Amino acid sequence: MDLKLKIWRQAGPDAEGKFVHYPVHNISQDASFLEMMDILNEELVANGEEPVAFDHDCREGICGMCSLFINGYPHGPDDSITTCQLHMRKFKDGETIVIEPWRAKPFPIIKDLMVDRSAFDEIIQAGGYVSINTGGVPDANAIPIKKEHADLAMDAAACIGCGACVAACKNASAMLFVSAKVSQFALLPQGKIEAKLRVENMVAKMDDLGFGNCTNTYACEAECPKDISIANIARMNREFLVAKLS
Amino acid sequence: MSVMYSSITKKIWMSLMGLFLMIFLVVHLGINLLLLFDSTRELYNVVAHFMGTNPVIQIFQWVLFLGFAIHIVLGVLLQIQNWIARPKGYKVKATSEDSFFSKYMIHTGIIIFVFLGIHFLNFFFRVKIFHDIPDFILDGVNTGMEDMGIVVIELFKIPGYVVGYIIALLILGFHLDHAFQSAFQSLGLNHEKYTPFIKGLGHIYSIVISLGYIVIPLVIYFTK
């Protein structure tokens with residue numbers, strides 16, 4: 001495959017950025033998107049140019065490190081996958097592919113396509129701790145947990161914190177991420193002890209960091225590589241309302 | 001103070017006021033439809049007079065204005081924060097929105113706000129401030145009530161006004177289509193079983209309200 005890439009290049013956080021055109025040739029349809037980026041970077045390095053900086057780590061779709069806003073979609077045009085799991089067969093020969101970084105005020109660009117997502121870490125930290133009493137090892141079955149709740153908590157915990165929800169949202173809202181993190185604890189008895197304080201602190205931190213407000217467009221759910229449901233956002237709204245009223 | 005200013009608190013107020021205004025729209029439509037069922041305009045004028053003079057309604061009208069004010073001010077505030085949250089947009093715009101009308105709530109909202117202003121000038125201010133509504137004369141007897149019905153009918157005989165009114169009401173319908181289910185989601189009312197029903201009901205509500213209001217000028221323009 002031959003492709004025309006339009007990639008956002010920005011030397012540093014405060015530098016002026018611009019789109020640069022790169023043609024790439026002889027790309028296998030079986031190559032992953034990031035492998036295609038690797039091939040481009042090898043060519044750039046061989047020509048003495050600065051390679052394109054982009055985030056990646058496990059390349060197995062589980063770490064949440066890769067990002068990229070590809071042709072208007074976070075993690076590219078395929079459903080329920082991260083960019084590292086995107087393959088070139090999803091594109092047509094000769095296609096122009098526009099590659100942009102996540103755009104949100106709380107996600108400042110570090111370089112090229114890399115953004116600083118430590119805002120998410122700050123929200124997690126604001127959530128505080130989960131009470132685990134010291135003592136003997138408790139019996140695994142001592143705390144009854146409804147199967148449905150365990151499943152929903154696990155679904156919420158599948159969030160890998162990649163930031164695609166923020167990138168997809170027209171308001172750069174982090175509600176899907178924060179609600180998944182609130183839900184994974186709020187649904188389980190062990191997490192209920194600090195539930196009220198947790199939701200209040202996490203929402204306050206989310207607002208402080210400058211994420212936008214949720215307007216229920218549900219773009220986040222449509223683009224989430226882990227299919228986190230917007231039912232989590234409703235749950236967080238409930239948790240928040242109850243916490244503030246009680 | 002965070003309770004006053006958090007994003008979720010603003011959204012909850014936004015949805016509560018939105019739902020309140022949606023109930024008001026049903027009442028208003030019910031009254032407007034009276035014009036179609038009584039050629040003497042008596043029914044409509046009696047209800048309009050009641051709404052304009054009943055002490056409880058007079059107090060409640062300020063609650064309604066407050067509802068409008070909270071909904072509008074918070075809507076604008078939330079939107080400004082949302083614009084600030086993404087100072088630089090994408091070259092290729094995101095196309096993944098599930099709910100089409102949700103993308104244009106501020107735009108449809110502004111148009112509805114302008115329509116509301118015109119609506120006030122044409123009706124509310126004329127009754128409450130300008131006092132230039134003709135008296136309602138029924139069977140040769142002055143009833144002592146304003147003839148609001150004739151004011152509506154005269155306006156709906158102007159083609160430009162009818163077209164503008166229809167466009168405004170269609171846009172209100174688009175606004176409501178997203179608003180209905182969104183209000184429930186913001187209040188945390190999302191349920192596997194009931195949410196599809198609420199979404200369906202929202203579509204029906206927005207169509208009935210929008211078309212319900214639109215039918216009135218069309219009937220008046222073409223028959224009276």
Side-chain angles (χ1 to χ4, degrees), chain A residues 6 8 17 19 69-74 77 97-101 103-106 109 166-175 199-201 203-204 206-223 229-242 244-245, chain B residues 1-16 18 74-75 77-106 109 178-192 194-195 198-199 202:
Chain A
K6 273 189 198 174
W8 181 259
F19 281 96
F69 197 83
I70 304 161
N71 281 352
Y73 298 96
I97 305 176
V98 182
I99 310 169
E100 302 174 69
R103 297 276 187 202
K105 191 162 168 268
I109 292 176
V166 176
C169 177
K170 77 174 180 69
N171 311 321
S173 166
M175 286 284 276
V199 70
E200 288 187 61
N201 289 341
V203 170
M206 171 183 81
D207 291 344
D208 282 351
L209 288 164
F211 287 101
N213 306 294
C214 177
T215 53
N216 303 325
T217 71
Y218 310 141
C220 53
E221 185 184 50
E223 293 303 328
S229 166
I230 52 111
N232 289 301
I233 295 179
R235 184 177 298 105
M236 179 162 81
N237 291 342
R238 284 200 298 277
E239 290 278 326
F240 184 84
L241 190 59
V242 169
K244 287 295 182 191
L245 291 179
Chain B
M1 286 304 274
S2 68
V3 68
M4 293 302 292
Y5 299 111
S6 90
S7 56
I8 298 181
T9 309
K10 286 201 275 291
K11 286 294 296 175
I12 287 170
W13 276 110
M14 195 68 192
S15 52
L16 286 175
L74 286 181
L77 199 63
L78 287 161
Q79 184 59 59
I80 290 170
Q81 288 180 328
N82 293 345
W83 281 326
I84 293 171
R86 177 166 293 140
K88 181 162 177 53
Y90 294 106
K91 187 179 175 70
V92 181
K93 287 272 175 290
T95 46
S96 46
E97 261 83 358
D98 226 22
S99 163
F100 178 77
F101 298 126
S102 66
K103 284 192 278 190
Y104 305 105
M105 291 305 270
I106 188 71
H178 172 68
F180 194 90
Q181 55 84 25
S182 180
F184 286 86
Q185 169 78 6
S186 290
L187 291 171
L189 301 172
N190 180 304
H191 192 278
E192 210 179 340
Y194 305 115
T195 296
I198 286 169
K199 283 189 176 177

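Here is how names work: the chains are called A, B, and so on, in the same order as the sequence lines, proteins then strands, and each is numbered from 1. Note that the structure is predicted; figures quoted are calculated from it, not measured.
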*Should we count CZ of Phe19(A) as having more than 12 external heavy atoms under 6.0 Å?*
yes
_Option that, when pairs with chain A are counted at under 4.5 Å, heavy atom only, ranks first among Gln185(B), Gln79(B), Lys11(B), Gln81(B)_ = Gln185(B)
_Short side-chain donor-acceptor distance under 3.5 Å, Asn216(A) and Ser186(B)_ =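 Checked: Ser186(B)/Asn216(A) side chains pair up, N/O donor to acceptor below 3.5 Å.
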Give a yes or no answer on whether the side chain of [X] reaches the backbone of [Y] with a donor-acceptor pair at less than 3.5 Å.
X	Y	value
Asn237(A)	Ile8(B)	no
Glu100(A)	Val92(B)	yes
Asp207(A)	Ser6(B)	no
Lys91(B)	Val98(A)	no

Exercise: identify the closest heavy-atom pair between [X] and [Y]:
X	Y	result
Ala85(B)	Pro106(A)	O-CD, 4.1 Å
Thr215(A)	His178(B)	O-NE2, 2.9 Å
Lys170(A)	Ser102(B)	CE-O, 3.5 Å
Cys169(A)	Arg86(B)	O-NH1, 2.6 Å
Arg238(A)	Gly188(B)	NH1-O, 2.6 Å

*Can you say whether Phe69(A) sits under 4.5 Å from chain B via the side chain, the backbone, both, or neither, judging by heavy atoms?*
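Just its side chain gets close to chain B.
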*side chain to side chain donor-acceptor pair (under 3.5 Å) partners for Glu239(A), two or more places apart*: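 By the side chain to side chain donor-acceptor pair (under 3.5 Å) rule, Glu239(A) matches no residue at all.
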*asked:* Rounded at 0.5 Å granularity, tell me how far CH2 in Trp8(A) sits from NZ in Lys88(B).
replied: 4.0 Å
_Point-to-point distance, once rounded to the nearest 0.5 Å, from SG of Cys214(A) to NZ of Lys10(B)_ = 13.0 Å
*Quick one: are Gln181(B) and Tyr218(A) in side-chain contact, heavy atoms under 4.5 Å?*
yes
_Under the ring-ring contact (aromatic ring centres under 6.0 Å, His included) test, residues paired with Tyr104(B) that sit two or more places apart_ = Phe100(B), His107(B)
*Examine whether an atom of Glu192(B) lies under 4.5 Å from a heavy atom of chain A, and if so say whether it belongs to the side chain, the backbone or both; otherwise answer neither.*
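No part of Glu192(B) comes within 4.5 Å of chain A.
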*Contact part of Ile12(B) toward chain A, heavy-atom cut-off under 4.5 Å: side chain, backbone, both or neither?*
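Answer is side chain: those atoms of Ile12(B) sit under 4.5 Å from chain A.
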*If you count heavy-atom pairs under 4.5 Å between each of Asn71(A), Asn171(A), Asp208(A), Leu209(A) and chain B, which one has the most?*
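Looking at each of Asn71(A), Asn171(A), Asp208(A), Leu209(A) in turn, Asn171(A) comes out on top.
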*Return the option, out of Asn213(A), Ile230(A), Leu241(A), Val203(A), with the maximum number of heavy-atom pairs under 4.5 Å with chain B.*
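Among the listed options, the one with the most contacts to chain B is Asn213(A).
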